[in-house]
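In what follows, chains carry the letters A, B, and so on, assigned in the order in which the sequence lines appear, proteins first and then strands, with residues in each chain numbered from 1. The analysis underlying the following values was restricted to heavy atoms, covering all of them including side chains, and did not include hydrogens, waters or symmetry mates. This one's a predicted model, so the numbers in the text were calculated from it and none came from an experiment.
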2 protein chains.
Amino acid sequence: MDQQFKKKATIYDLSVLSGSSPSTVSAVLNGTWRKRRIKESTAETILSLAERHQYTTNLQARGLRRSRSGLVGLMLPIHDNRYFSAMAQTFEGHVRGRGQCPVVVSASRDPEEERRTAETLISYSIDKLFIVGATDPDGVHEVCEAAGLRHINIDLPGAKAHSVISDNYEGARMLTEAIIRQFGNDDPLRPDELFLFGGRNDHASRERIAAFHATKRALLGADPDDGVQSSGYSPDITLRAFEAFSQRHGKLPRALFINSSINMEGLLRFMAGRPAEMFSELVVGCYDYDPFASFLPFPVIMVRQNFEAMIAKAFELINEPPTAPQIFLIAPELIQPRSALKGPLDTLKDIA
Amino acid sequence: MDQQFKKKATIYDLSVLSGSSPSTVSAVLNGTWRKRRIKESTAETILSLAERHQYTTNLQARGLRRSRSGLVGLMLPIHDNRYFSAMAQTFEGHVRGRGQCPVVVSASRDPEEERRTAETLISYSIDKLFIVGATDPDGVHEVCEAAGLRHINIDLPGAKAHSVISDNYEGARMLTEAIIRQFGNDDPLRPDELFLFGGRNDHASRERIAAFHATKRALLGADPDDGVQSSGYSPDITLRAFEAFSQRHGKLPRALFINSSINMEGLLRFMAGRPAEMFSELVVGCYDYDPFASFLPFPVIMVRQNFEAMIAKAFELINEPPTAPQIFLIAPELIQPRSALKGPLDTLKDIA
DNA sequence: AGTTAATGCACCATCGATTGTGCAAGCGCA
DNA sequence: TGCGCTTGCACAATCGATGGTGCATTAACT
């Protein structure tokens with residue numbers, strides 16, 4: 001019955017009910033009452049009233065007054081991807097652990113959208129912003145800077161704020177090497193049989209491509225310069241790249257370095273409708289980890305970016321006093337084919 | 001230079017600069033100025049000042065005054081899953097299209113956490129809440145109801161608010177049938193060769209299990225009653241279920257009905273370290289769609305829940321005047337092995 | 001000229017919580 | 001009794017935007 005359909009209780013309601021002033025009620029409810037020398041018994045009265053009337057703080061009012069909201073933002077390129085969604089999962093755990101409220105939004109890898117999204121979040125007075133895989137991190141930085149908002153880049157670096165990123169060069173080096181070593185000595189891979197698909201003109205892609213070239217040259221002795229087919233972060237564009245390649249050469253290469261799981265979906269689209277046998281000799285290296293991809297009918301070597309470490313490092317940095325922007329590299333891990341790793345979900349409890 | 005390190009501009013700043021009152025500035029900036037009969041020239045002055053000083057509305061202040069925030073919430077069980085993250089992606093598109101700000105949070109399938117999360121969101125005066133796959137939808141309902149918050153269940157139904165869910169019975173029927181038909185007439189599947197793994201005691205699992213039993217009985221003539229191994233929504237528990245089964249029977253069944261992609265990850269964990277040949281005869285039906293899973297080295301028939309339609313229907317319903325709670329079934333689609341479908345990402349543009 | 005109506009905007013209370021300040025009552029002590 | 005200190009709390013301004021109300025001006029019209 002109580003407050004069934006009435007509006008939510010406020011400190012003013014409790015103030016009337018308890019006979020104390022609103023400021024006393026406020027202090028009791030937000031925990032600053034000892035500092036304000038409120039009697040213990042007064043506090044108890046108010047707390048029990050609050051409970052009885054199901055009081056909950058209006059966080060917008062608090063946020064307005066304090067000019068921060070208790071919200072912590074995570075800006076992703078997209079949701080629908082294991083790498084980013086695993087990151088979101090890990091991020092939530094951290095934020096919840098600090099008693100704040102995580103807000104996860106995506107900005108579609110569109111610089112304009114990224115800035116708009118940041119501005120919207122700022123309008124809600126979020127306390128911190130973690131910028132993941134932004135196409136234009138420095139654009140977002142300007143927006144945050146102007147609002148005095150603490151922020152940090154993850155996955156793709158910016159020049160104007162700290163960045164925590166995967167060691168893309170080393171990851172791609174390991175991956176390229178692993179692809180090459182996957183072929184035995186009887187029938188070793190030739191330089192013109194290993195191609196890279198996917199990627200844009202972003203920092204990660206550039207590093208990976210550089211490592212790809214260097215490693216090919218180092219291990220295979222040569223590196224024909226048509227070995228890279230940038231196809232953005234889009235399954236369909238990647239599909240078309242495979243189709244074009246296959247049209248030109250009559251088949252796919254024996255070995256592929258695929259820049260991300262999104263590009264890998266382009267390969268799946270290419271495979272769909274084509275006989276499985278066409279791919280039985282294929283060896284794929286993919287710069288991303290997805291448990292299902294790891295068990296495809298051909299060897300898929302993957303790179304698992306250590307997003308837990310990246311998020312942890314980012315939280316560490318964002319709380320430190322600001323210094324000159326720096327890039328922190330986090331080592332990724334090479335994952336052999338047919339590996340089903342634990343993920344952030346494994347820490348959740350479940351019924352038996 | 002302008003406002004470089006000053007606080008953000010407010011309507012009061014603009015009011016001083018423009019010589020108009022704060023209320024006039026407010027009206028101009030929020031678009032209600034025609035209704036308030038503000039002169040066009042006044043509006044123009046203020047708008048240009050706003051632009052020059054990079055004014056942005058403090059949405060917490062607006063939210064406090066209007067007692068709604070422009071935030072629309074999506075509560076997921078988890079992020080790290082293609083089904084749910086695809087849903088988040090689609091949801092964001094809808095919310096953005098309506099000029100509001102999407103907030104996606106997860107609640108770990110924990111009833112307590114679900115309620116707490118809802119309360120937190122309510123404290124921020126969110127306008128609407130979409131509750132996806134909640135373990136205790138009715139618990140969340142109470143919280144929303146008490147706050148007068150519009151809300152709707154998706155994926156798992158509640159008794160006290162509208163629910164938009166997959167037609168789990170029909171989906172499982174199709175899936176079970178497809179699994180059975182996957183075996184030719186030479187060596188047809190026997191009833192004791194098809195097992196269901198995964199699921200909890202939730203509505204979806206119950207429906208699927210019922211359809212599984214009924215379809216087995218209808219098509220195979222019998223249905224031994226140990227055919228179902230509930231193992232929650234946890235890869236590891238599912239792994240243990242497979243290990244136990246394999247210990248008991250010396251091998252896995254020839255055919256598996258797997259309740260979700262999460263349980264499917266349990267199968268992957270089982271496969272890891274075991275020779276691929278062990279699974280060459282396996283046929284799997286999975287109630288979920290994941291493009292990579294679709295191309296595993298054995299036939300994987302999948303059910304793709306139509307989350308786009310579910311989200312669309314939910315948006316339709318949540319804006320209608322409330323009526324008695326109803327359940328709306330959305331037909332899922334049976335996906336043949338080796339299918340790489342388009343997803344929500346395909347609507348994003350990408351550089352070529 | 002005088003009345004009415006429309007125009008253009010200012011005033012002010014309000015949303016709910018926070019926080020600096022001030023003051024009365026109670027107490028110890030000379 | 002009187003001074004000063006502590007205890008316990010109330011007061012009131014404030015965060016930034018909103019929207020109902022009402023008051024001048026000017027325009028329209030008899």
Just checking Phe91(A) against Phe307(A), ring centres under 6.0 Å apart?
no
For DNA chain D, which residues of residues 41-51 of chain A approach it to below 4.0 angstrom with any heavy atom?
Thr42(A)
How long is the line joining CG of Leu64(B) and C1' of dA13(C), in whole Å?
13 Å
Report yes if some heavy atom in the side chain of His79(A) is under 4.5 Å from a heavy atom in the side chain of Val104(A); otherwise report no.
yes
Expected output: side-chain Asp155(A) to main-chain Val132(A) donor-acceptor under 3.5 Å:
no
Base, backbone or nothing for each nucleotide of nucleotides 17-24 of chain C, written B, S, -, heavy atoms under 4.0 angstrom, 5' to 3'?
BBBBB---
Whole Å only: how far is the CH2 atom of Trp33(B) from the C1' atom of dT18(D)?
18 Å
Distance in angstrom units between Lys39(A) NZ and dC27(C) P, rounded
11 Å
In whole angstroms, the gap separating P of dA6(C) from CZ of Arg34(B) amounts to 20 Å
What's the CD-C1' distance between Gln60(A) and dT18(D), to the nearest Å?
14 Å
Between atom CD1 of Ile122(B) and atom NE2 of His151(B), what is the distance when rounded to the nearest 0.5 Å?
9.0 Å
Within the 6.0 Å centroid threshold, strictly below: His162(B) and Phe328(B)
yes
Pair Ser108(B), Glu113(B): side-chain N/O donor-acceptor within cut-off below 3.5 Å
no
Between CD1 of Ile38(A) and P of dC9(D) the distance, given in whole Å, is 6 Å
Please check if any side-chain donor atom of Thr24(B) sits under 3.5 Å from a side-chain acceptor atom of Ser21(B), or the reverse.
yes
Partners meeting side-chain contact (heavy atoms from CB on, under 4.5 Å) with Ile11(B) (sequence neighbours left out)
Pro22(B), Val25(B), Ser26(B), Leu29(B), Tyr55(B)
Between dT7(D) (C1') and Lys35(A) (NZ): distance, integer Å
17 Å
